[in-house]
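Data block below; observations after.
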Number of protein chains: 2
Amino acid sequence: MGLREVNAARTRELILDAALELFVDRGYDATTMEHVAEHAGIGTSTLYRYFPSKDQLVIEPLALQGHLSAALLARPEEEPLDVALGHAVISLIEAPRADQQRLAKIDAAVASSDALQVRLNEMFVHVRRELAEAIGARLGRPGTDPYCIATAGLTTLVLELAADPENDATIVLDAEAVVTRARALFRSLADEPPTSPRLPE
Amino acid sequence: MGLREVNAARTRELILDAALELFVDRGYDATTMEHVAEHAGIGTSTLYRYFPSKDQLVIEPLALQGHLSAALLARPEEEPLDVALGHAVISLIEAPRADQQRLAKIDAAVASSDALQVRLNEMFVHVRRELAEAIGARLGRPGTDPYCIATAGLTTLVLELAADPENDATIVLDAEAVVTRARALFRSLADEPPTSPRLPE
DNA sequence: TCCCGACGTGGTAGTCACTTCCACTTCGGG
DNA sequence: CCCGAAGTGGAAGTGACTACCACGTCGGGA
C-alpha cells in the first residue's frame with residue numbers, strides 16, 4: 001500500500017472526526033459543507049471527492065449497508081433460513097461495528113435533524129432490498145420473489161424494532177409470535193369477500 | 001366560498017397540470033421550478049406558496065397519505081383487527097383515488113427520476129407510521145408500541161408488494177389487477193408463511 | 001358606490017448542496 | 001532525478017428553497 005492510500009485513509013478519518021464534531025456541536029442542518037471542509041483543513045471540492053454527499057458523512061460510518069446480507073451469506077448453506085437469519089441479525093446487533101464514541105456522535109447527529117432521520121429510513125429500505133436479494137440467492141429464487149421480499153421485510157422490521165431504544169425489545173425475542181401474526185394477517189387478507197372493483201371505461 | 005378560494009383552487013390545478021406535463025415531457029430532474037412556474041404563467045415565489053417543495057407536485061396528487069389510517073378508523077369498532085385491516089387495504093387499492101390520466105403521468109414522472117422513487121419509499125414509511133398510530137388508537141395503546149409497529153409494518157409490506165411497479169409495471173394503473181394480484185399474493189404468503197428470524201438462545 | 005385593510009402576487013437577493021473545470025502540487029516508477 | 005499520473009483546492013455556476021418587500025386585487029363596511 002503506497003503512501004497515497006495511507007494519506008487518503010487518514011484524510012477520510014480526519015474528515016469524519018471533524019464533521020461529526022461539528023454536527024454534534026451545532027447540529028447537522030446548521031453545519032455547512034464549507035464548515036466541515038474548513039474544520040478539516042481541506043478544500044470543499046476535496047471534501048466532495050471523499051464524500052459525494054453530506055449525508056454520507058453520517059450514513060457511511062454506520063456501516064450497515066451490505067452487512068446484513070453479507071452476514072446471511074456467511075452462514076452455512078444447510079442451516080434453515082430462519083435460523084440463519086437469526087444469527088445474521090444477532091451478529092449485526094452485537095458487532096462493535098465502529099468504536100462506540102463515534103456511534104454516540106452519529107446518534108446525536110441523527111437526533112438533531114429530521115432530514116437525517118428520513119435519510120436513515122431510506123437506508124433501511126435499501127438494506128431490505130439487499131437482504132431480499134441475498135435470501136433469493138440462498139433459495140435459488142429471484143430477489144423480487146414476493147416470498148423473499150416478505151421475509152426480508154419481516155427481518156428488517158425486527159431489526160428496526162430492536163435498534164430503536166424507544167421500544168422494549170421483547171417482541172424481538174418472541175420471533176415466533178411475529179410469524180404467527182403475519183400468517184394470520186396474510187390469510188385474512190386473502191379471504192376477504194370479493195367486492196367488485198369498478199373502473200371507468 | 002369567495003372568489004379568492006375559487007381562484008386558488010384553479011391555480012392549484014393549473015400548476016399541477018403544467019408541472020406533470022413538463023415532468024412527462026422532459027423528465028422530473030431536468031425540469032426546474034422556474035420552468036414549472038413559467039409554464040403555469042405564474043411567479044416562482046407564488047409556485048412555492050402553493051407547493052412548498054418540488055416533490056409535492058408529485059406526492060400530493062397521489063393522495064395516499066392519511067388514507068390507509070383513515071380507512072382503518074372507518075371500520076366498526078367490534079371488527080377484529082386483522083379483518084378490519086383487510087378491508088382497509090382492499091378499499092385503498094380499489095378506490096379510484098384520482099383520475100387515471102393524472103395517475104399515469106405521475107407514474108411516468110416517478111419512472112424518470114431515482115430521487116422521486118426514493119421519495120416515494122419515504123412516503124410509504126410515513127404511511128406506516130400513520131397506520132401504527134391508528135392501530136394504537138384502536139387498541140388503546142401508544143402508536144410506538146412494538147406490536148402496533150409490527151402490524152403496521154406487515155400491512156404496508158403487503159400493500160407495497162401488491163402495488164410495487166417493479167413487480168408488474170401495469171398494475172398501478174389497473175385497480176382490478178391489483179386486487180386480483182393482491183389476493184393471490186396474500187394466499188400464497190399465508191400458505192407459505194415468510195420466515196422470521198429465529199433468534200439463537 | 002367607494003374606500004381601506006387584508007390578502008395574494010411576483011420580483012430580488014440570498015443561502016446552501018452539489019457539479020464542473022482548471023491550474024497547481026505531490027507521488028512514485030523508470 | 002524526472003515525467004506522467006493522481007490528488008488538491010479554488011472559482012464559477014446551477015438549482016432548490018427562503019426572506020423580504022413593493023405592488024395589485026379582493027371584499028366588507030361606510
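So that the names make sense, note that chain A is the first sequence line, chain B the second, and so on, each numbered from 1.
- Formation of a donor-acceptor pair under 3.5 Å by the Ser113(A) side chain with backbone atoms of Val110(A) is not found in this model.
- In this structure, Phe51(A) reaches neither bases nor backbone, as no heavy-atom distance under 4.0 Å exists between it and the strands shown.
- Residue Thr32(A) places its side chain closer to dC16(C) than to any other of dG9(D), dC18(C), dC16(C).
- Between the Lys54(B) side chain and the Thr31(B) main chain, a donor and an acceptor come within less than 3.5 Å of each other.
- Side-chain contact check for His126(B) and Glu130(B): at least one donor-acceptor pair (N or O, by modelled atom type) lies under 3.5 Å.
- Put simply, CG on Leu57(A) is 9 Å from P on dC18(C), counting in whole angstrom units.
- Atom CD1 of Ile42(A) and atom P of dG10(D) are 10 Å apart (whole Å).
- Nucleic acid contact for Ser53(A): sugar-phosphate only, since backbone atoms but no base atoms lie under 4.0 Å from a heavy atom of the residue.
- Per the geometry, CG belonging to Asn7(A) stands 7 Å off P belonging to dC27(C), to the nearest Å.
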**Study point:** salt bridge (charged side-chain N to carboxylate O under 4.0 Å, His left out) assessment of Arg102(A) paired with Glu13(A)
**Key:** CA-CA 11 Å; Arg102(A) 183 167 283 176; Glu13(A) 291 304 304; 3.1 Å; yes

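- Here the side chain of Lys54(B) is nearest to one of dG10(C), dG10(D), dA16(D), namely dA16(D).
- Two residues, Thr31(A) and Ser45(A), neighbour DNA chain C, and the one matched to the more 5' nucleotide by heavy-atom proximity is Thr31(A).
- Across residues 15-30 of chain B, not one residue has a non-hydrogen atom less than 4.0 Å from an atom of DNA chain C.
- With dG10(D), dA17(C), dT9(C) as the choices, the nucleotide that has an atom nearest any side-chain atom of Thr46(B) turns out to be dT9(C).
- Of the side-chain N and O atoms in Tyr50(B), one or more sit less than 4.0 angstrom from OP1 or OP2 of dT9(C).
- The distance from atom CD of Glu34(A) to atom P of dA17(C) is 8 Å, rounded to the nearest whole Å.
- Listed candidates were dA17(C), dC27(C), dA19(D). Nearest to the side chain of Tyr48(A) is dA17(C).
- Comparing Asp55(B) and Arg49(B) along DNA chain D, the residue whose closest nucleotide (by nearest heavy atom) sits nearer the 5' end is Asp55(B).
- For Arg12(B) and dG8(C), the CZ to C1' distance is 14 Å, given to the nearest whole Å.
- Note that CG of Leu157(A) and CZ of Arg128(B) are 6.0 Å apart. Values are rounded to the nearest 0.5 Å.
- For Arg10(A) and dC27(C), the CZ to P distance is 10 Å, given to the nearest whole Å.
- Distance CG (Leu47(A)) to P (dG7(D)): 16 Å, rounded to an integer number of Å.
- The distance from the CZ atom of Phe124(B) to the CG atom of Leu131(B) is 12.0 Å, given to the nearest 0.5 Å.
- Across the protein-nucleic acid pair, Glu5(B) atom CD and dG27(D) atom P stand 9 Å apart, rounded to whole Å.
- Seen from the ring of Phe51(B), Arg12(B) counts as a face-on cation partner, given the 6.0 Å and 45° thresholds.
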